[in-house]
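For reference, the structure discussed in these notes is given below.
What you see is a predicted model; the values in this text were computed from it and never measured. We count ligands from 1, going down the list as the structure has it; atoms in each ligand are counted the same way.
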Amino acid sequence: MATIDQQQPAPHAPLHVAIVMDGNGRWAKRRGLPRQVGHPKGVDAIRRVVEAAPAQGVRWLTLYAFSTENWRRPAGEVAEVMRLLKLYVNSDLDKLTREGVKVRILGRRTGLPPDVAEIVERAERQTAHNDKFFLQVAFNYGGRADIADAARALAAEAAAGRLQPGDITEDLLQSRLSTAGIPDPDLVIRTSGEQRLSNFLLWETAYSEFVFQDVLWPDYGADYLRAAIEEFHKRERRYGGAVADDVLAAG
Ligand code: FPP
């Protein structure tokens with residue numbers, strides 16, 4: 001029998017890490033290049049992180065790629081982000097499929113150009129039966145819009161007589177969000193030194209830990225991810241409860 005000293009530390013539970021990939025524009029500007037030149041470099045960072053995440057105990061990875069507010073950017077930059085999403089799916093989908101990655105796109109489908117909507121559906125269809133790793137890309141996503149859409153869906157069900165207002169619980173509302181079935185993020189990372197949530201996963205981050213890293217997204221990779229996860233493991237999560245030591249002291 002193993003003595004206490006010989007016991008291994010309990011392995012960490014698989015993590016859901018969500019990332020606000022910020023700083024592509026500044027990365028380009030610092031080099032005297034047009035802002036949108038930063039975005040393809042951002043896609044390279046996405047590849048590095050998707051590659052590194054499973055070995056670091058991450059099972060769900062959610063990336064904020066395009067918000068409902070990002071339509072206000074110059075048309076050329078919006079077109080570039082759309083082009084890069086299509087390019088990424090076209091070039092990486094078969095590899096992701098072989099590696100057991102399930103891809104899901106969070107956010108509103110209406111409003112996406114038809115060719116982008118089509119490719120997003122293909123990515124989801126082709127990987128629907130995978131379950132080794134879960135990659136969510138928030139695209140045309142806004143946390144408030146997602147909650148409003150869920151409320152509207154429940155209201156429609158109530159108006160049709162399939163639901164009573166008293167039936168609406170947190171779990172039921174959650175089941176109508178675009179993140180339905182995905183565990184809440186344990187850790188939210190934002191790069192570039194900004195410290196805001198910017199309408200990302202508003203409902204789902206109620207008890208998430210936040211780590212802000214002073215690195216522009218195109219420079220991100222495995223070592224930064226490891227540092228953020230190490231910082232996360234130092235934190236004590238209480239979910240509204242008391243500190244474990246205080247509970248013991250209170251007897
Ligand atoms: C943030 O930098 C980055 C974005 C808003 C776009 C992220 C999109 C991609 C990397 C490409 C497409 C997505 C996929 C999934 C292939 P910023 O432009 O806000 O930078 P700034 O804050 O320095 O201006």
Determine, for [X] against [Y], whether the closest basic-nitrogen to carboxylate-oxygen distance falls under 4.0 angstrom.
X      : Y      : answer
Asp92  : Lys95  : no
Lys234 : Glu209 : no
Arg48  : Glu51  : no

For [atom], grab the closest protein heavy atom and report residue, atom and distance to one decimal in Å.
atom                    : answer
atom 6 (C) of ligand 1  : Ala65 O, 3.3 Å
atom 10 (C) of ligand 1 : Asn24 ND2, 3.6 Å
atom 20 (O) of ligand 1 : Gly25 N, 3.0 Å
atom 14 (C) of ligand 1 : Ile46 CD1, 3.8 Å
atom 16 (C) of ligand 1 : Tyr88 CB, 3.6 Å
atom 11 (C) of ligand 1 : Val43 CG2, 3.7 Å

Taking all atoms of both residues into account, what is the closest heavy-atom pair of Lys132 and Arg59, and its distance? O-NE, 3.4 Å

With heavy-atom distances below 4.0 Å as the criterion, list the atoms of ligand 1 near [X].
X      : value
Met21  : 1 (C), 2 (O), 3 (C)
Val137 : 15 (C)
Asp22  : 1 (C), 2 (O), 17 (P), 19 (O), 20 (O), 21 (P), 22 (O)
Arg73  : 5 (C), 17 (P), 18 (O), 19 (O)

Test side-chain hydrogen bond (donor to acceptor under 3.5 Å, both in side chains) applied to Trp71 and Asn140, step by step: CA-CA 8 Å; Trp71 292 105; Asn140 196 23; 2.8 Å; yes

Is [X] reaching over with its side chain to a backbone N or O of [Y], donor-acceptor style, under 3.5 angstrom?
X      : Y      : answer
Gln136 : Thr179 : no
Thr191 : Asp22  : yes
Arg190 : Arg196 : yes

Is the contact between Arg35 and ligand 1 made by the side chain, the backbone, both, or neither, using heavy atoms and a 4.0 Å cut-off? side chain

Which bit of Leu87 gets closer than 4.0 Å to ligand 1, counting heavy atoms only: side chain, backbone, both or neither? neither

Judged by non-hydrogen atoms, does Gly23 sit under 4.0 Å from ligand 1? yes

Arg26 versus ligand 1: do any nitrogen or oxygen atoms come within less than 3.5 Å of each other? yes

Please say whether Asn70 places an N or O atom under 3.5 Å from an N or O atom belonging to ligand 1. no

Is any side-chain heavy atom of Leu106 less than 4.5 Å from a side-chain heavy atom of Asp146? no

If I take atom OH from residue Tyr141 and atom CZ from residue Arg108, how far apart are they, to the nearest 0.5 angstrom? 11.0 Å

